[in-house]
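Structure incoming, see below.
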Amino acid sequence: MFTNTNTNIQYISTLFSGFIGSIVGGIVTCLVTKNSLKKQLENQNNSAILEQKHQKKLAKLEQKKQEKIALKSVKSEIDFNSHHFIEMKRYMMLQKTDFVDFKERNLDNMLRMDKWEKHSDAIENIEKLDYILALQSFYYSISAEIFNQMGNSKRIDSLIKNAVKLSKLLEDTIKTYEKSNEDTQISQK
């Protein structure tokens, strides 16, 4: 009987130590798993935040690219119109007149404003573009010139002056965009 009790105690002791080992092992596994999952979640959150920042940066770069395209297109159109104003002025000087009715002479003043119509929304939303009213006013005048198909010397002189000024302002703004784009490319490397 004593041997049976001794065997039972050994058996209970073995069970008890196995039970304690299982509990301690389970607690350690639980703590390690909890810590590992916490780190993994933090890494996922950090990755998501970095991805959001990257997406915002890409969207901003795309917006700047579109704004630059709009600025270049409108500048090109202003230069085109400026050239035609100069040709109108030359034509008036050759005709020795201060006024020309293009409809009456079956001519077209060749002025354009389709680039402005396409890109004006983008340009009007550019922050810190302090000459936007001058651009709008210029294109309002172009619209009137296209509609009327007439020109007088004083108005054409004024439009040439405004076109040259706006072209220079747009060129400076485009250079600023190109400089900021170069800076962005350098910082990405």
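Given the structure is predicted, the values throughout are model-derived calculations rather than measurements.
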Within the 4.5 Å heavy-atom criterion, are Glu124 and Gln136 side-chain neighbours or not?
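The answer is yes, as the side chains (C-beta and beyond) meet within the 4.5 Å cut-off.
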Selection residues 86-98 - residue pairs positive for salt bridge (charged side-chain N to carboxylate O under 4.0 Å, His left out), sequence neighbours left out
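Qualifying pairs: Glu87-Arg90, Lys89-Asp157.
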Closest approach of Gly151 to Glu145 (non-hydrogen atoms, all atoms of both residues)
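Heavy atoms of Gly151 and Glu145 come nearest at CA-OE1, 3.9 Å.
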Atom CD1 of Ile156 and atom OG of Ser82: how far apart are they, to the nearest 0.5 Å?
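Ile156 atom CD1 to Ser82 atom OG measures 11.5 Å (nearest 0.5 Å).
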Which pairs with one or both residues in residues 39-52 pass side chain to side chain donor-acceptor pair (under 3.5 Å), sequence neighbours excluded?
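Sorted result for residues 39-52: Glu51-Gln55.
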Specify whether Trp116 and Tyr139 have parallel, tilted or perpendicular ring planes, treating 30° as the upper limit for parallel and 60° as the lower limit for perpendicular.
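Trp116 vs Tyr139 ring planes: parallel.
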Could you list the residues that satisfy side chain to side chain contact (heavy atoms under 4.5 Å, CB included) with Lys165, not counting sequence neighbours?
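Side chain to side chain contact (heavy atoms under 4.5 Å, CB included) list for Lys165, sorted by chain: Leu169.
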Phe99 atom CZ: more than 12 heavy-atom contacts under 6.0 Å:
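Atom CZ in Phe99 is crowded, with more than 12 foreign heavy atoms closer than 6.0 Å.
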Is Met88 close to Leu111 at the side-chain level, that is, under 4.5 Å between some pair of heavy atoms?
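Yes, at least one pair of side-chain atoms sits under 4.5 Å.
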Does the pair Asp101/Arg105 count as a salt bridge with the N-to-O cut at 4.0 Å?
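Result for this pair is no, no salt bridge flagged.
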Side chain to side chain contact (heavy atoms under 4.5 Å, CB included) evaluation trace for Leu71 with Ile126
CA-CA 10 Å; Leu71 291 166; Ile126 295 175; 4.0 Å; yes
Whether Ser36 side chain and Val32 backbone form a donor-acceptor pair below 3.5 Å:
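No: the side chain of Ser36 does not pair with the backbone of Val32.
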Taking the basic N atoms (NZ, or NE/NH1/NH2) and the acidic carboxylate oxygens, is any pair closer than 4.0 Å for Lys168 and Asp172?
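A salt bridge is present here (some side-chain N lies under 4.0 Å from a carboxylate O).
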Would a 4.5 Å heavy-atom cut-off, applied to side chains only, mark Lys68 and Glu178 as touching?
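In short, these two side chains touch, coming nearer than 4.5 Å.
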Determine whether Asn109 and Asn148 satisfy the following criterion, side chain to side chain contact (heavy atoms under 4.5 Å, CB included), listing intermediate values before the conclusion.
CA-CA 10 Å; Asn109 64 12; Asn148 292 328; over 6 Å; no
Of the non-hydrogen atoms in Met113 and Ile146, which two are nearest, and what is the gap between them?
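Taking every non-hydrogen atom into account, CG-CD1, 3.9 Å.
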Gln63 versus Glu67: any side-chain heavy-atom pair under 4.5 Å?
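Side-chain contact under 4.5 Å: yes.
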Given the rule that I, L, V, M, F, W and Y join up when any side-chain heavy atoms are under 4.5 Å apart, are Ile69 and Tyr177 in one cluster?
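Ile69 does not cluster with Tyr177.
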For residues Ile78 and Leu135, determine if any side-chain heavy atom of one lies less than 4.5 Å from a side-chain heavy atom of the other.
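In contact.
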Contact check, side chains of Ile174 and Lys75, non-hydrogen atoms, under 4.5 Å:
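In short, these two side chains touch, coming nearer than 4.5 Å.
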Does the side chain of Leu159 reach to within under 4.5 Å of the side chain of Phe138, using non-hydrogen atoms?
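When only atoms from C-beta onward are counted, Phe138 and Leu159 do touch, with a gap below 4.5 Å.
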Donor-acceptor pair, distance only, cut-off 3.5 Å: does the side chain of Asn35 make one with the backbone of Leu31?
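A pair under 3.5 Å: no.
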